[in-house]
Amino acid sequence: MIKVSVVGAQGRMGSHVVDAVNAADDAELALALDAGDDLTRITPENTDVVVEFTVPSSTLGNVLALIAQGVDVVVGTTGWTDERLEQVRAALAKAPRADQSVFIAPNFAISAVLADYFARLAAPYFESAEVIELHHPDKVDAPSGTAIHTAQGIGAARAKAGLGAVPDNTQTDGGSRGQVVDGVHVHAVRLRGLNAHEEVLFGNAGEQLVIRADSFDRGSFMPGVLLAVRKVASGEFPGLTVGLDHFLDL
Ligand SMILES: NC(=O)C1=CN([C@@H]2O[C@H](COP(=O)(O)OP(=O)(O)OC[C@H]3O[C@@H](n4cnc5c(N)ncnc54)[C@H](O)[C@@H]3O)[C@@H](O)[C@H]2O)C=CC1
Ligand SMILES: O=C(O)C1=N[C@H](C(=O)O)C[C@H](O)C1
């Protein structure tokens with residue numbers, strides 16, 4: 001049995017993870033902690049893998065503390081920059097166990113992971129590309145971590161293919177053109193009734209490709225979370241891994 005502790009256990013995602021772990025045949029819940037609880041209660045004796053779904057402002061501190069405590073961590077929280085990822089790598093290099101793992105996923109839903117992957121495949125073939133993400137209005141960050149990751153992937157694929165800047169003759173902009181991530185405009189919608197959705201638009205003269213992923217329910221993230229817990233617990237992925245695509249045969 002894989003002993004799993006959940007940090008952020010009272011949140012929208014954390015509470016789903018607690019239920020998913022309790023329902024899994026090969027995992028058991030160790031500790032369910034939330035804001036104000038003492039993270040040092042998590043030890044290698046009581047926990048194999050911690051699942052962390054908290055807030056962007058807390059996640060780096062939590063992950064660094066958990067690495068120092070000698071446990072593997074699966075992270076769903078957003079807010080990861082290259083600089084923060086580098087801090088995780090540095091902490092893992094000094095971790096108590098040589099084979100310790102941290103896994104971070106911008107998105108655990110298979111629809112979103114595939115949309116992100118397909119966007120990278122399509123990117124070299126289109127002059128224009130824009131990303132629109134749509135979420136519930138209780139979300140604290142914009143744009144979504146997934147949309148940033150998708151835009152970064154499109155930007156890298158365009159650069160590799162030798163494409164220049166996307167065409168855009170906007171002369172005045174009060175903010176309507178969105179945030180530019182690696183040359184790709186990213187737009188964020190917040191609407192009651194939505195959960196987590198992303199649309200990637202690609203355009204050439206006379207044609208358009210739309211890639212869209214919809215997570216209607218947080219249950220859609222749980223198979224990916226459990227897959228990550230199992231992969232990390234297997235010991236086959238020491239160090240830092242970012243993205244569920246690493247665990248899929250794509
Ligand atoms: N990777 C993925 O597939 C997904 C990622 N997310 C991300 O997960 C994060 C959490 O989302 P939600 O569950 O909707 O948020 P939420 O606000 O419902 O839950 C966050 C929980 O973390 C707790 N918390 C805050 N600071 C803490 C700390 N220092 N230590 C322990 N617990 C702390 C809060 O009290 C709350 O219970 C967000 O960054 C969100 O973007 C959300 C859905 C899917
Ligand atoms: O806050 C959310 O809800 C979600 N956050 C993640 C993100 O920012 O990409 C994943 C998913 O979109 C749901």
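Order of listing sets the numbers, starting from 1, for every ligand and every atom in it.
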_Return the CZ to CG distance between F108 and L227, rounded to the nearest 0.5 Å._
9.0 Å
_I want to confirm something. Looking only at heavy atoms, which of S144, G145, P106, A196 is nearest to atom 10 (C) of ligand 2?_
P106
*Pull out every atom of ligand 2 sitting under 4.0 Å from any heavy atom of N107, numbered as shown with elements.*
10 (C), 11 (C), 12 (O)
*Got the closest protein heavy atom to atom 12 (O) of ligand 2, with its distance?*
H135 NE2, 2.6 Å
_For atom 8 (O) of ligand 2, the option (of R218, H136, K139) bearing the nearest heavy atom_ = K139
_For the CZ atom on R177, are there more than 12 heavy atoms of other groups (residues, nucleotides or ligands in this structure) within a distance under 6.0 Å?_
yes
_Contact atoms of ligand 2, heavy-atom distance to T78 under 4.0 Å_ = 6 (C), 7 (C), 8 (O)
*Can you tell me if CD on E83 sees more than 12 non-hydrogen neighbours from other groups inside 6.0 Å?*
no
*Which atoms of ligand 2 are found less than 4.0 Å from any heavy atom of T146?*
7 (C), 9 (O), 10 (C), 12 (O)
*Quick one: CD on E28 to CG on D48, what's the gap to the nearest 0.5 Å?*
8.5 Å
*asked:* Out of the candidates V51, L244, V4, only one should pair with V225 under the side-chain contact (heavy atoms from CB on, under 4.5 Å) rule; please name it.
replied: V51
*Any salt bridge (charged side-chain N to carboxylate O under 4.0 Å, His left out) involving residues 62-82? Give me the pairs, sequence neighbours left out, ordered by first then second residue.*
D72-R97
*Pocket residues of ligand 1, ordered first by chain and then by residue number (heavy-atom cut-off under 4.0 Å)*: V7, G8, Q10, G11, R12, M13, D34, A35, F53, T54, V55, S58, N62, G76, T77, T78, A105, P106, N107, F108, K139, F221
*To the nearest 0.5 Å, how far apart are OG in S101 and CD1 in I67?*
10.0 Å
